[in-house]
2 protein chains.
Amino acid sequence: MTNDIPLPKPGSAVRGSQSGQPIMVLFDLLSRRWAMGILWNLSDQNRNFRDLQARCDSASPSVVNTRLKELRAVGLVERADDGYSLTGDGRDLFKRLEPLGDWAQEWIPTLAAASRDD
Amino acid sequence: MTNDIPLPKPGSAVRGSQSGQPIMVLFDLLSRRWAMGILWNLSDQNRNFRDLQARCDSASPSVVNTRLKELRAVGLVERADDGYSLTGDGRDLFKRLEPLGDWAQEWIPTLAAASRDD
DNA sequence: TGGCATTGCTACTAAATTCGTAGCAACCTA
DNA sequence: TAGGTTGCTACGAATTTAGTAGCAATGCCA
């Protein structure tokens with residue numbers, strides 16, 4: 001075996017789920033800053049670095065770049081002539097992420113209402 | 001002012017999506033360390049603090065506690081006689097998260113295979 | 001009543017990640 | 001050839017996480 005790292009952990013360090021449960025490995029990857037935001041923003045069209053950065057709340061270029069490297073390393077994102085794009089797997093994953101968008105739209109209002117009476 | 005924070009941001013600081021897009025607010029909250037792992041582990045049954053901690057790769061108690069406070073603050077988790085449990089909203093969110101589990105199970109193997117030939 | 005184990009959580013330092021900003025090399029484009 | 005754009009590296013400061021120790025409260029049992 002040439003490679004037996006705890007999978008994701010592209011950037012190594014602090015993180016790295018030991019449980020071995022696939023979902024935890026995925027959570028580990030997706031919970032890195034802007035990982036989901038990048039996938040989300042690439043879902044409707046390819047985007048170049050600066051565009052992506054702007055759409056991710058002007059995240060610092062180092063984070064965007066690191067995340068792009070990781071997402072490419074695990075085959076969810078790839079380079080395209082016009083910037084970056086989701087791979088087949090990336091689109092597949094996005095489909096499972098998409099429902100969160102609808103839910104968030106219903107949830108945020110209730111959250112806002114609730115936090116008004118603390 | 002009693003409360004005008006950019007919603008989630010329960011612990012404030014570094015994070016806090018400005019875009020205002022609900023999905024980004026949700027991603028912001030969920031991408032905090034172990035947030036999704038906690039929701040996931042509470043989905044099948046209530047669990048006490050130490051059990052939860054153990055299931056989250058023995059995450060440090062400070063992180064687990066901080067996350068629990070945040071998740072309770074936004075009404076996704078609540079205390080129960082036998083530990084912590086998901087609220088109605090929490091279960092609702094979990095339903096949208098669940099598909100990721102199936103996807104992860106199919107994806108991890110391909111990831112492992114791909115990383116063998118670096 | 002006196003251990004003793006379990007549980008929830010606080011404290012604190014070190015390590016890692018993220019932020020924010022500056023800036024450069026490679027490409028257009030006029 | 002003088003901008004303007006784009007992709008990305010550098011780097012110090014600010015935050016978050018990790019790891020570990022430990023304490024107060026509660027439950028159980030002899």
- Message: Measuring to OP1 and OP2 of C:dT6, would you say a side-chain N or O of B:Asn48 lies under 4.0 angstrom away?
- Response: no
- Task: Taking the side chain as every heavy atom from C-beta outward, state whether B:Arg79 and B:Tyr84 have any atom pair closer than 4.5 Å.
- Result: yes
- Give a yes or no answer on whether the side chain of B:Arg47 reaches the backbone of B:Asn41 with a donor-acceptor pair at less than 3.5 Å. yes
- Message: I need the single residue from A:Leu86, A:Val77, A:Leu42 that forms a side-chain contact (heavy atoms from CB on, under 4.5 Å) with A:Leu71. Which is it?
- Response: A:Val77
- Any B:Leu29 side-chain heavy atom under 4.5 Å of B:Leu76 side chain: yes
- Query: Can you find a pair of side-chain heavy atoms, one from A:Leu30 and one from A:Leu39, that are under 4.5 Å apart?
  - Reply: yes
- Message: Restricting to side chain to side chain donor-acceptor pair (under 3.5 Å), what partner residues turn up for A:Trp103, sequence neighbours left out?
- Response: B:Asp92
- Listed nucleotide nearest any side-chain atom of B:Ser60, set D:dA18, D:dC8, C:dT18: D:dA18
- Message: Using whole Å, what does the distance between atom P of nucleotide C:dG8 and atom CD of B:Glu78 come to?
- Response: 16 Å
Enumerate the protein-to-nucleotides 10-12 of chain C contacts in which both atoms are nitrogen or oxygen and the separation is below 3.5 Å.
| residue | atom | partner | partner atom | Å |
| --- | --- | --- | --- | --- |
| C:dT10 | OP2 | B:Asn65 | ND2 | 2.3 |

- Item | Nearest-angstrom distance from the residue atom CD of A:Gln53 to P of C:dG23 | 16 Å
- Task: Using atom CZ of A:Arg33 as one end and atom C1' of D:dT15 as the other, report the distance to the nearest whole Å.
- Result: 11 Å
- Message: It should be established whether A:Tyr84 places a side-chain nitrogen or oxygen under 4.0 Å from OP1 or OP2 of nucleotide D:dC8.
- Response: yes
- Which listed nucleotide (D:dT6, C:dG8, D:dT17) is nearest to the side chain of B:Arg32? D:dT17
- Could you check A:Arg50 against B:Ala59 and say which one's nearest nucleotide on DNA chain D is further toward the 5' end? A:Arg50
- Quick one: A:Arg47 CZ to D:dT5 C1', roughly how many Å, whole number? 17 Å
- Query: Between D:dG7 atom P and A:Arg79 atom CZ, what is the distance in whole Å?
  - Reply: 8 Å
- Query: For the pair made of CG in B:Leu52 and C1' in C:dG8, what is the distance, rounded to whole Å?
  - Reply: 12 Å
- Query: A:Arg67 side chain N/O closer than 4.0 Å to the phosphate oxygens (OP1, OP2) of D:dC8?
  - Reply: no
- Message: Side chains of A:Thr66 and A:Glu70, heavy atoms from C-beta outward: is any pair under 4.5 Å?
- Response: yes
- Message: What is the distance, to the nearest angstrom, from the CG atom on A:Asp51 to the P atom on D:dT6?
- Response: 9 Å
- Query: What integer distance in Å separates A:Asp81:CG from C:dC27:P?
  - Reply: 15 Å
